[in-house]
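These notes concern the structure reproduced below.
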Amino acid sequence: MGAPATAASPERGREFAFTATDHRTISTMVYDEVGILLPDGKMQLVYGRLAPRVRACGLSSVADYIVAIGDDAEERAKAIDALTTNHTSFFRESHHFDDFGTRMWPSLSERLAKGGRVRLWSAACSSGEEPYTWLMAALGSDRTAAQRLLGRDFKLLATDVSASVLATAREGRYSKATLATVPGALRTAWVKGQGDLLTVDPMLRDAIAFRPLNLLGEWPIKGRFDAICCRNVMIYFDEPTKARLQSRLADRLEVGGMLYIGHSERLVGGVEKRFENVGRTAYLKVSA
Ligand SMILES: C[S@@+](CC[C@H](N)C(=O)[O-])C[C@H]1O[C@@H](n2cnc3c(N)ncnc32)[C@H](O)[C@@H]1O
């Protein structure tokens, strides 16, 4: 451990001084930039996640780090990255993919086969398990049929604000344990390699456009989507942020398109009127 606790770091055992004022400054910055709420109860979590950054910058207190990120946008992005919670898994809340497979995919795959366009969006995709799951579940294990469809006008956009998880997603390399929740036939069809580190087939990887995107910022996105997964990110936002985001997501969906949200999330702020709740946290857009 480094320097002992000082008057500025009342918590014994902390390597770097970190005060309640520091915490509030950080949480205001994070809220303003990405909408994530970090109330006072999250002070220890914030310290635990920022301490490696303070160390990497060669500083001796969080207050100094706050000054440093004030005029260093790159380091500020690293701080925000460190403060995001990226928990995810393959086939998480798999009822959404079952719903998509029966409700949407038969007509969408027919549209693709006839030369039409299909667009899906995994918004807040974390390290990629969600978009890869979505593709595997929709395509099944028939690689030849999958190749035919993916060669058509198909794109799955997968976005997140965290650069580090996007790098993992783009690489498509996961531990055997991480891939254990992928059903056997799909694992055989789409996962390559031996040993503990395995790779998702490049055919799937190349069908996904992984892009950095702050859900609170501008969306350089043209056109509408046939389905959007925006799951387990709104839990970090307050009600006005959720309402604004959901209304923007609804604007980006085709009528007849599906919005899937996380198990503890719900539609708020009046956007419910534009959707029909057709399954567990599964919403069909019924009006513009
Ligand atoms: C808990 S993960 C959820 C991943 C996946 N959707 C799932 O349900 O398994 C939340 C993700 O939201 C991302 N996130 C948080 N705030 C964001 C924002 N303002 N814009 C874009 N992504 C954000 C985080 O970086 C993180 O990867």
Side-chain angles (χ1 to χ4, degrees), residues 26-39 42 45-46 49-50 53 73 76-100 120-137 156-172 174 178-182 200 208-221 225 227-249 252 258-266 280-283:
I26 294 281
S27 63
T28 301
M29 177 202 79
V30 170
Y31 176 78
D32 288 348
E33 292 215 12
V34 292
I36 297 173
L37 294 172
L38 294 167
K42 300 279 183 192
L45 175 138
V46 167
R49 290 182 177 185
L50 286 187
R53 293 306 323 150
R76 196 161 58 244
K78 285 183 186 164
I80 287 174
D81 191 327
L83 290 167
T84 58
T85 296
N86 313 113
H87 173 75
T88 186
S89 57
F90 282 97
F91 285 81
R92 181 182 198 183
E93 296 174 51
S94 62
H95 52 93
H96 289 151
F97 307 107
D98 295 341
D99 181 272
F100 179 80
L120 310 178
W121 183 13
S122 167
C125 67
S126 187
S127 38
E129 286 87 335
E130 179 177 283
Y132 287 126
T133 295
W134 200 352
L135 271 191
M136 287 185 203
L156 199 172
L157 173 67
T159 62
D160 202 282
V161 77
S162 155
S164 61
V165 289
L166 273 180
T168 303
R170 275 194 199 100
E171 243 189 303
Y174 301 95
T178 301
L179 286 156
T181 50
V182 178
V200 175
I208 303 174
F210 290 105
R211 300 277 183 273
L213 185 93
N214 179 358
L215 288 171
L216 266 61
E218 292 297 314
W219 297 352
I221 292 171
F225 295 91
I228 299 175
C229 275
C230 186
R231 312 185 313 160
N232 304 303
V233 59
M234 290 185 267
I235 40 169
Y236 303 106
F237 300 159
D238 62 11
E239 298 295 292
T241 307
K242 283 180 202 173
R244 184 171 131 74
L245 173 59
Q246 290 173 4
S247 157
R248 294 177 79 198
L249 290 172
R252 288 271 143 236
M258 284 298 299
L259 173 65
Y260 299 103
I261 64 176
H263 64 283
S264 60
E265 296 164 339
R266 64 197 167 84
R280 211 170 352 144
T281 49
Y283 298 88

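Ligands are counted one by one from 1 in listed order, and the atoms in each one are counted from 1 as well.
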Exercise for the section: Evaluate the ring planes of Tyr260 and Trp134, with Trp represented by its six-membered ring, and classify them as parallel (under 30°), tilted (30 to 60°) or perpendicular (over 60°). Expected result: perpendicular
Problem - Identity of the nearest option to atom 21 (C) of ligand 1, non-hydrogen atoms only, from Val165, Thr159, Leu213 - result: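 Result: the heavy atom closest to atom 21 (C) of ligand 1 is in Leu213.
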Practice task
Using heavy-atom distances, let me know which of Asp81, Val233, Thr84, Thr85 sits nearest atom 2 (S) of ligand 1.
Solution key: Thr85
Which heavy atom of the protein is the closest neighbour of [atom], given with residue, atom name and distance?
atom	value
atom 22 (N) of ligand 1	Val161 N, 3.4 Å
atom 8 (O) of ligand 1	Asn232 ND2, 2.8 Å
atom 9 (O) of ligand 1	Thr88 OG1, 2.6 Å
atom 27 (O) of ligand 1	Asp160 OD2, 2.7 Å
atom 20 (N) of ligand 1	Leu215 N, 2.8 Å
atom 7 (C) of ligand 1	Arg92 NH1, 3.2 Å

Going by distance only, is there an N or O of [X] that falls short of 3.5 Å from an N or O of ligand 1?
X	answer
Tyr236	no
Glu130	yes
Ala124	yes

Problem - Centroid separation Tyr132 to Phe97 less than 6.0 Å - result: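 Between Phe97 and Tyr132, which both carry aromatic rings, the centre distance is not below 6.0 Å.
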Under 4.5 Å between any side-chain heavy atoms of [X] and [Y], yes or no?
X	Y	result
Lys42	Arg49	no
Ile208	Cys125	no
Leu249	Tyr283	no

Practice task
For Thr88 and Glu129, test the side chains for any donor-to-acceptor distance below 3.5 angstrom and give the result as yes or no.
Solution key: no
Practice task
Give the numbers and elements of all ligand 1 atoms closer than 4.0 Å to a heavy atom of Ile36.
Solution key: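 Answer, ordered by atom number: 15 (C), 16 (N).
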Handout entry: Residue pair Met136 / Val200: nearest heavy atoms and the distance that separates them
Key =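 So the minimum-distance heavy-atom pair works out to CE-CG1, 4.4 Å.
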